[in-house]
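Structure first, then comments.
These values consider heavy atoms only, across backbone and side chains, with no hydrogens, waters or symmetry-generated copies. Just so you know, ligand 1 is whichever comes first in the structure, and atom 1 is the first atom listed for that ligand.
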Amino acid sequence: MLQKIIIVGGGAGGLELATKLGNKLGKKKLASIILVDFNYIHVWKPLLHKVAVGSLNEGNNCTSYIAHAKNHYFKFCLGKMIGINRIKKTIILNELINQDGTIIVPKRELNYDILVIAIGSKSNHFAVPGVKKYCNFIDDIFQAKKFYKKMFNLFLKISMNNNLLTEEYNIAIVGGGATGVELSAELCNAVDELHRYGFQGLKKNVLHVTLIETGPRILPALPTRISHRVHLELKKIGVKIFNNTTIVKCNETSLLTKNGEKIKSELMVWSAGVKAQKFQEKYFDLETNHIHQILVKDTLQTTLDEKIFAIGDCASCLLKNGIYVPPRAQAAHQMATCTYFNILSLIKNKKLKSYIYKDYGSLISLSKFKTIGNFMDHITNNSILIEGMIAKLAYLLLYRMHQISLHGSIKTGFMILSTGIERIIQPRFKLH
Ligand SMILES: Cc1cc2nc3c(=O)[nH]c(=O)nc-3n(C[C@H](O)[C@H](O)[C@H](O)COP(=O)(O)OP(=O)(O)OC[C@H]3O[C@@H](n4cnc5c(N)ncnc54)[C@H](O)[C@@H]3O)c2cc1C
């Protein structure tokens, strides 16, 4: 009987998996592959902070699920999964609602033989009062675009202000992980760029960018020397860094620290920690951890159901060395590849293989200013610090590799060409 494979979530892991399975099984009609997502388009998440400040045009960098599904022999289904019925082997999709509140498609269920959950994660606001209401998040394309509008309006206000000698403004970013660090550098770049485009009052001595980290250093997940190098570079370009600073409250205009200090800010971004989606218990009975990630075995099958896999940020996968796989794009990519082979094995009743996480290192792009990172040498087990042109190229390559896995090398080549042309004919910054 034709196997029905459903993948929920078309992100870094899910879309790569749907593409591979479509090309392998869907094309020969050996299985029916369905990708479910509540968005129509895919934008690679590590690009979102660039979209948020306007240094990247999302138009050239988004993939339509409908068109991609047609080209790669799978089906796309628009919808938000709100639960799973493991007895009936169905997923439950919420109703699709129009802007005026009318129902376009009612709540429905989809049958599966094999299910892959790849729904990613969101920033964790740790229930800090006021954060959900007053802080901005950059977890998806809509939030990134919403932030851009607010940032642009603030920049416009500053540039029109006649009291430049007295007034100062601040954009505060909470969370000194990769997202917060890269966003702060992009914001400094945005100030420079828009100043060049005629926003005369907009200068770094008028608008400050503040990065707040609860731990003793920014980039806590990366080696100390990278963290120190990045810290120095950020200070050089004007970012104020507050380490050992925990935010306990937030209101419309400021953040309150545990020590009772107030950090006044016109715009606040929360990019601290991650958590997965929490489903209602009556609709979801898989094992999860304290941040709602789904527990998986080394084969990436969920602990309670071998027909359900979980990959990427939403999966909690314990490695043999006692460390959990970090929520990163390279892990989502590797998990997609492993799940692809394991689904083929499951269909053929063969033994499934264990997922092995290979950390190839991390790269931090400080916009036009610098790229710094490390490369893991798996032979000597050493971490090699890289920066400058090599690091920049390696950073660009990460995204291009994701594109190649979706579109193949020829189409990706044309995409690179089109980006190059766009850089010549369009302004470098989004200006509306
Ligand atoms: C601003 C930013 C910068 C980052 N930079 C880096 C970086 O430089 N390097 C790095 O390695 N990692 C980076 N990351 C992390 C990286 O993006 C994630 O680890 C990676 O995208 C996880 O892939 P995923 O497939 O698990 O989920 P995602 O890529 O998040 O995709 C999840 C998909 O599921 C869909 N979805 C969610 N819930 C549902 C539902 N209930 N029903 C249907 N669909 C659903 C979403 O619409 C989305 O398309 C960054 C993250 C952010 C936010």
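In this structure, Ala178 has no heavy atom closer than 4.0 Å to ligand 1. For Tyr65, the closest heavy-atom approach to ligand 1 falls below 4.0 Å.
Using a cutoff of 4.0 Å between basic side-chain nitrogens and carboxylate oxygens, Glu109 and Lys107 are not scored as salt-bridged. Looking at Arg229 and Glu233, a side-chain N of the basic residue comes within less than 4.0 Å of a carboxylate O on the acidic one, giving a salt bridge. Salt-bridge annotation for Asp192 and Lys204: present, with a side-chain N of the basic residue lying under 4.0 Å from a carboxylate O of the acidic one.
Regarding atom 30 (O) of ligand 1, its nearest protein heavy-atom neighbour is Lys45 CD, 3.2 Å. Of all protein heavy atoms, the one lying nearest to atom 52 (C) of ligand 1 is Thr179 OG1, 3.7 Å. For atom 48 (C) of ligand 1, the nearest protein heavy atom (residue, atom name, distance) is Asp37 OD2, 3.5 Å. When only non-hydrogen protein atoms are considered, atom 53 (C) of ligand 1 lies nearest to Ile138 O, 3.5 Å. Taking atom 36 (N) of ligand 1 as the reference point, the nearest protein heavy-atom neighbour is Phe38 CE2, 3.5 Å. Atom 15 (C) of ligand 1 has Pro327 O, 4.0 Å as its closest protein atom, hydrogens excluded (heavy atom only). What sits closest to atom 13 (C) of ligand 1 on the protein, heavy atoms only, is Pro46 CG, 3.7 Å. Ranking protein heavy atoms by distance to atom 37 (C) of ligand 1, first place goes to Ile119 O, 3.2 Å.
Side-chain N/O atoms of Lys4 and Asn111 include no donor and acceptor closer than 3.5 Å. With 3.5 Å as the limit, one finds a donor-acceptor pair spanning the side chains of Ser254 and Asn251.
For ligand 1, the polar-atom distance check finds an N/O of Asp313 within less than 3.5 Å of one of the ligand's N/O atoms.
Between Phe76 and Tyr40, the two ring planes are tilted [angle within 30° to 60°].
With a heavy-atom cut-off of 4.0 Å, Gln277 touches ligand 1 through its side chain alone.
Both tests hold for Lys430 against Tyr148: distance to the six-membered ring centre under 6.0 Å, angle to the ring axis within 45°.
For ligand 1, the atoms sitting less than 4.0 Å from at least one non-hydrogen atom of Asn39 are 47 (O), numbered in the order shown with element in parentheses. Taking a cut-off of under 4.0 Å to the non-hydrogen atoms of Ala118, the atoms of ligand 1 that pass are 32 (C), 33 (C), 34 (O). Near Arg328, the atoms of ligand 1 lying under 4.0 angstrom from a non-hydrogen atom of the residue are 11 (O), 12 (N), 19 (O). Interface atoms of ligand 1 facing Val8, defined by a heavy-atom separation under 4.0 Å, are 42 (N), 43 (C). Taking every non-hydrogen atom of Ala332 and a distance limit under 4.0 Å, the qualifying atoms of ligand 1 come out as 23 (O). Per-residue contacts place Gly312 under 4.0 angstrom from the following atoms of ligand 1 (heavy atoms of the residue considered): 26 (O).
Shown here for Ala52 and Ile138, the closest heavy-atom pair between the two residues is CB-CD1, 3.6 Å.
Taken to the nearest 0.5 Å, the CZ atom of Phe74 stands 9.0 Å off from the OH atom of Tyr65. How far CG of Leu78 is from CG of Asp37: 8.0 Å, rounded to the nearest 0.5 Å. The NZ atom of Lys20 sits 13.5 Å away from atom CD1 of Ile33, with the distance rounded to the nearest 0.5 Å.
Aromatic rings from Trp44 and His402 are positioned such that their centres are separated by under 6.0 Å.
Counting only non-hydrogen atoms, the option in Gly9, Pro326, Gly13 that gets closest to atom 34 (O) of ligand 1 is Gly9. Counting only non-hydrogen atoms, the option in Gly11, Gly79, Ala329 that gets closest to atom 33 (C) of ligand 1 is Gly11.
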